[in-house]
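Some notes on the structure that comes next.
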Amino acid sequence: MTSDQLKAMKFQRPEMIPVNLGLLPATWMRYRDDLDALVRRHPAIFPGYTGKASYDELGSGTYHTGNHVDEWGCVWQNIHEGMEAIVTGHPVPTREMVHQLEEPSEVTPELKHGFMYLRLTDLRGFEEIMLDFAEDAPELQTLIDLVLRHNMKHLEMITRQMASDGLYWFGDDLGMQHGLAMGAAKWRQYMKPCFATIFARWRQAGGVAYFHTDGCIHEIIPDLIDCGVQIINPQIRANGLDNLVRVCKGKVCVHLDLDRQLFPFASPAEIDDHIRQCIAALGSREGGLWVGAECAPDVPLDNIEAICSAMEKYQTYWS
């Protein structure tokens, strides 16, 4: 963490609001030299950037088109080079097959995005896992216990390689566009104990728990704080600014995910207004706010520039 990130997390009056902008591989593949020039114009947003070896480098294999099979046997399908794949092949389509499922043998110092809740949906398929939650299927708890046990093995290895600042990025998308698919009551019954176990172990080891989660999750943010989350990374569009102010401000550090669904269609002036409003509502001289954005290839270059400029403009805009 930077000094300002640490101070913002602890509500210790950072000099500036920490800001960042993520660019998907497909965005680099589309804009290439023009995007490189833009990034160089904004060193405060992209500190340490010295250029890319190739605009076509993709990182994870699932960002390539085609099918990919992960360590659990889930089949990921990708039809757009440079964008993330989705799971279309589920290795445990029936409840009976849960009892034959074995956890992967390999353990690494990493908990991949979707390590808990999304892992259940990847293994069973969305409709089947929703029926499991709705009907309180005995196999559901069996599957949860198996996935949690495997996650804890990864976590123990992560604790042995903890970064000096203790920060670890946990990511699992818990929400849909308008709420939790299983509802808050079922989430608290089945999923909250899992996250409490994971974050408690990390905090016990001296770690800082950062949690990214897409979708509408504002009704369980107090539960996530109770589980030990210290930095929450929610989406503004799905949750609504007023809800995030109500459940987060002064209670937990928010790394706000700005409105990705706005960016392709807004004018630069509308983007500036959006970022100003968010910082005015959630920001405080005491801290508690980071601001971030991510741009897919459908965001015009002028709008990417506008995001960078507004972030720089409002880094010291206190409510």
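Any value given below was found using the heavy atoms of this structure, including those in side chains, with hydrogens, waters and symmetry copies removed.
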Should [X] and [Y] be regarded as members of a common hydrophobic cluster, given that ILVMFWY residues are connected when their side-chain heavy atoms come within less than 4.5 Å of each other, either directly or indirectly?
X: V299; Y: L38; answer: yes
X: I232; Y: L6; answer: no
X: V75; Y: V92; answer: no
X: M182; Y: V98; answer: yes
X: L35; Y: L21; answer: yes

Donor-acceptor pair, distance only, cut-off 3.5 Å: does the side chain of [X] make one with the backbone of [Y]?
X: H154; Y: V107; value: no
X: N233; Y: V254; value: no
X: E81; Y: H64; value: no
X: S309; Y: A306; value: no
X: T27; Y: C295; value: yes
X: K153; Y: L148; value: no
X: Q235; Y: G215; value: yes
X: Y210; Y: H255; value: no
X: N243; Y: N239; value: yes
X: R149; Y: I144; value: no

Is the centre of the F211 ring less than 6.0 Å from the centre of the F195 ring? yes
Verify the ring-centre separation between H113 and H212: is it less than 6.0 angstrom? yes
[X] [atom1]: over 12 foreign heavy atoms closer than 6.0 Å:
X: E102; atom1: CD; value: no
X: H178; atom1: NE2; value: no
X: E106; atom1: CD; value: no
X: K10; atom1: NZ; value: no
X: Q277; atom1: CD; value: yes

Looking at SG of C278 and CG of L258, how far apart are the two atoms once the value is rounded to the nearest 0.5 Å? 5.5 Å
So CG of L180 and CD1 of I220: to nearest 0.5 Å the spacing works out to 4.5 Å
Could you tell me whether [X] and [Y] have a side-chain N and a carboxylate O separated by less than 4.0 Å?
X: E139; Y: R124; value: no
X: D4; Y: K7; value: no
X: D33; Y: K52; value: no
X: D172; Y: R119; value: no
X: R201; Y: E156; value: yes
X: R246; Y: D242; value: no

Fellow cluster residues of L131, listed by chain then number, with links counted only when side-chain atoms sit under 4.5 Å apart: none
Can you see which heavy atom on [X] is nearest to which on [Y], and at what distance?
X: A184; Y: E219; answer: CB-OE1, 3.6 Å
X: F170; Y: A209; answer: CE1-CA, 4.3 Å
X: L123; Y: L143; answer: CD1-CD1, 3.9 Å
X: N78; Y: E84; answer: ND2-C, 4.1 Å
X: L167; Y: W202; answer: C-CZ2, 4.4 Å
X: S284; Y: K249; answer: CB-CE, 4.5 Å

Checking K186 against Q189 for the side chain to side chain contact (heavy atoms under 4.5 Å, CB included) test, could you report, in this order, the C-alpha distance in whole Å, the side-chain angles of both residues, the deciding distance, and whether it holds? CA-CA 5 Å; K186 291 286 186 180; Q189 177 184 352; 3.9 Å; yes
Is any side-chain heavy atom of D56 closer than 4.5 Å to one of R32? yes
The single option from D223, L224, T197 passing side-chain contact (heavy atoms from CB on, under 4.5 Å) against K192: D223
